[in-house]
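The chains referred to below are lettered A, B, ... by the order of the sequence lines, with proteins before strands, and numbering in each begins at 1. Only heavy atoms go into these numbers, but all of them, side chains included; no hydrogens, no water, no symmetry mates. No experiment lies behind these values; they were computed from the predicted model shown.
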Protein chains: 2
Amino acid sequence: MTQLTDLKSRGHSLTKARKALVELLDVSQKPLSAMDLVAVLFERGLKVNKTTVYRELKFLVEQGLICEIDLGEGNKRYEAVPTSHHHHIVCQQCNAVTCLDMEDELHLMEQQITDRTGFVIAGHDLKFFGLCPTCVVLAAETTA
Amino acid sequence: MTQLTDLKSRGHSLTKARKALVELLDVSQKPLSAMDLVAVLFERGLKVNKTTVYRELKFLVEQGLICEIDLGEGNKRYEAVPTSHHHHIVCQQCNAVTCLDMEDELHLMEQQITDRTGFVIAGHDLKFFGLCPTCVVLAAETTA
DNA sequence: GTACGTGCAAACAGTTTGCATCATG
DNA sequence: CATGATGCAAACTGTTTGCACGTAC
């Protein structure tokens, strides 16, 4: 896993914006959008231009420190590179995001698909939508 | 499956744009974006404003005649409502789209997830990326 | 004449680009 | 001083909205 400190050896600085972005994503429980990050940085007194944030995010993805995900909201979200590739389930009520690892099942699927279709599979994108345990309870109470 | 003719009984007209959109999606081998559709309609001599296309697509989704998919390109694509819910594999080389049905496997996964996390799952989004059989051959030839 | 349908211009969100400037090895 | 980092305004893409007009039962 690429570290912030690795950037230095590649001739890049550890600027405050850069460090702050990686740290924010590291501690965030849910993936954040570029505009989320601009807002959070601002709240913390660190005024970083949105252009810079977009550029940094792109850079950090290229450098392998963070990754980009698409939850189908019409924008991208970013998260710290996880220990392993994984998947998300999004609560349709409260937007909570939980991570899942379905890699084993997906690899089996991919094998099947290659056998059946001849496609060579390079990657996948899997997400689930539903209600988180909390919202399930709330929904049940409202209906009852 | 909702039909074009069903719209009439619900008090909607079968306008030329509406019919053309459904027919185009019906015969298309790959999901099309709103702008694709504007262009194709234009080529066929049917000048329909993009606003109308966006509004029609939204309407047709609501009416259950077509469905909206997101292949992660930063826009939406539309396809005729398939006989069953299904998934896509996109060729990263030529953008060919092939449909797959992984519903059985996904339902098993969803059961597991509910058991493990307490999330109640309402839906999912699964797509694969890779090389279609044709592009695999081309890639092999280039490398060799 | 009351919904529905359409077109056009403008707005909008998310993102990217051009350009000038600053900072640092 | 060369490269990387930053800010600002403007552009751009996909999409939506406001409003006026047109159409059909």
Side-chain angles (χ1 to χ4, degrees), chain A residues 2 4-24 31-42 44-63 65-79 95, chain B residues 2 4-23 25 31-42 44-63 65-79 95:
Chain A
T2 315
L4 251 186
T5 49
D6 297 337
L7 295 184
K8 223 161 185 172
S9 54
R10 291 179 213 152
H12 298 286
S13 334
L14 269 57
T15 61
K16 55 182 170 31
R18 187 161 291 167
K19 278 201 298 193
L21 284 172
V22 175
E23 282 160 18
L24 279 182
L32 301 173
S33 71
M35 294 310 263
D36 286 345
L37 287 161
V38 172
V40 176
L41 289 176
F42 185 81
R44 307 205 170 182
L46 191 51
K47 261 167 266 173
V48 184
N49 193 278
K50 63 179 177 178
T51 307
T52 305
V53 170
Y54 280 109
R55 270 192 296 231
E56 276 307 318
L57 290 171
K58 190 177 180 186
F59 170 79
L60 292 168
V61 168
E62 283 163 7
Q63 298 291 322
L65 276 86
I66 65 175
C67 66
E68 190 181 76
I69 64 171
D70 183 348
L71 260 25
E73 309 154 303
N75 60 11
K76 306 282 189 205
R77 288 180 173 270
Y78 298 86
E79 58 182 5
N95 293 314
Chain B
T2 314
L4 251 186
T5 48
D6 296 337
L7 295 184
K8 227 164 181 169
S9 54
R10 292 180 213 152
H12 298 286
S13 335
L14 270 56
T15 61
K16 56 182 168 34
R18 186 162 292 169
K19 277 201 299 193
L21 284 171
V22 174
E23 282 159 19
L25 293 176
L32 301 173
S33 70
M35 294 311 262
D36 287 345
L37 287 161
V38 171
V40 176
L41 289 176
F42 186 81
R44 307 204 169 182
L46 192 51
K47 262 168 266 175
V48 185
N49 193 278
K50 63 179 176 177
T51 307
T52 304
V53 170
Y54 280 109
R55 270 192 296 231
E56 275 308 317
L57 290 172
K58 189 177 179 186
F59 170 79
L60 292 169
V61 168
E62 284 162 6
Q63 297 292 322
L65 275 86
I66 64 175
C67 66
E68 190 180 74
I69 63 172
D70 183 348
L71 261 25
E73 309 154 304
N75 60 11
K76 305 285 187 200
R77 288 180 173 270
Y78 298 85
E79 60 182 5
N95 293 314

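- Closest non-hydrogen pair, A:Ser33 versus A:Asn75, comes out as CB-ND2, 4.0 Å.
- B:Glu73 places its CD atom 10 Å from the P atom of D:dT15, with the value rounded to the nearest Å.
- Nearest approach of A:Pro31 to A:Ile69, heavy atoms of both residues: CG-CD1, 3.3 Å.
- Legend: residues meeting salt bridge (Lys or Arg N to Asp or Glu O under 4.0 Å) with A:Glu73, ordered by chain and number and at least two apart, are A:Arg77.
- Following rounding to the nearest Å, A:Lys16 (NZ) and C:dC22 (P) show an atom-to-atom distance of 15 Å.
- In this entry the distance linking CG of A:Leu14 with P of D:dG4 reads 15 Å, nearest Å.
- Side-chain contact between B:Leu60 and B:Leu25: absent, with no pair of heavy atoms (C-beta onward) separated by less than 4.5 Å.
- The side chain to side chain donor-acceptor pair (under 3.5 Å) test applied to A:Asn49 returns A:Thr51, not counting sequence neighbours.
- To the nearest angstrom, C1' of D:dG14 lies 13 Å from NZ of A:Lys76.
- The nearest whole Å value for the distance from the CE atom in B:Met35 to the C1' atom in D:dT15 is 9 Å.
- If you check residues 47-58 of chain B against DNA chain D, the residues with a heavy atom closer than 4.0 Å are B:Lys50, B:Thr51, B:Tyr54, B:Arg55, listed by number.
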In a table with atom names and distances, give each donor-acceptor pair under 3.5 Å that connects a side chain of residues 8-17 of chain B to protein atoms at least two apart or in another chain.
| from | atom 1 | to | atom 2 | distance (Å) |
| --- | --- | --- | --- | --- |
| B:Ser9 | OG | B:Asp6 | O | 2.5 |
| B:Arg10 | NH1 | B:Gln63 | OE1 | 2.5 |
| B:Thr15 | OG1 | B:Arg18 | N | 3.3 |

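- Here the P atom of nucleotide C:dA13 and the CZ atom of A:Arg77 are 16 Å apart, to the nearest Å.
- To the nearest 0.5 Å, atom CG of residue B:Leu41 and atom CZ of residue B:Arg44 are 8.0 Å apart.
- In this structure B:Glu68 satisfies the side chain to side chain contact (heavy atoms under 4.5 Å, CB included) test together with B:Val61, B:Lys76, B:Tyr78, sequence neighbours excluded.
- D:dG7 atom C1' lies 15 Å from atom CG of A:Leu41, rounded to whole Å.
- A:Leu21 places none of its side-chain heavy atoms less than 4.5 Å from the side chain of A:Val48.
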Using atom names, set out every protein N or O paired with an N or O of nucleotides 21-25 of chain D below 3.5 Å, distance rounded to 0.1 Å.
none

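- Taking atom CG of residue B:Asn75 and atom C1' of nucleotide D:dC12, one finds them 14 Å apart after rounding to whole Å.
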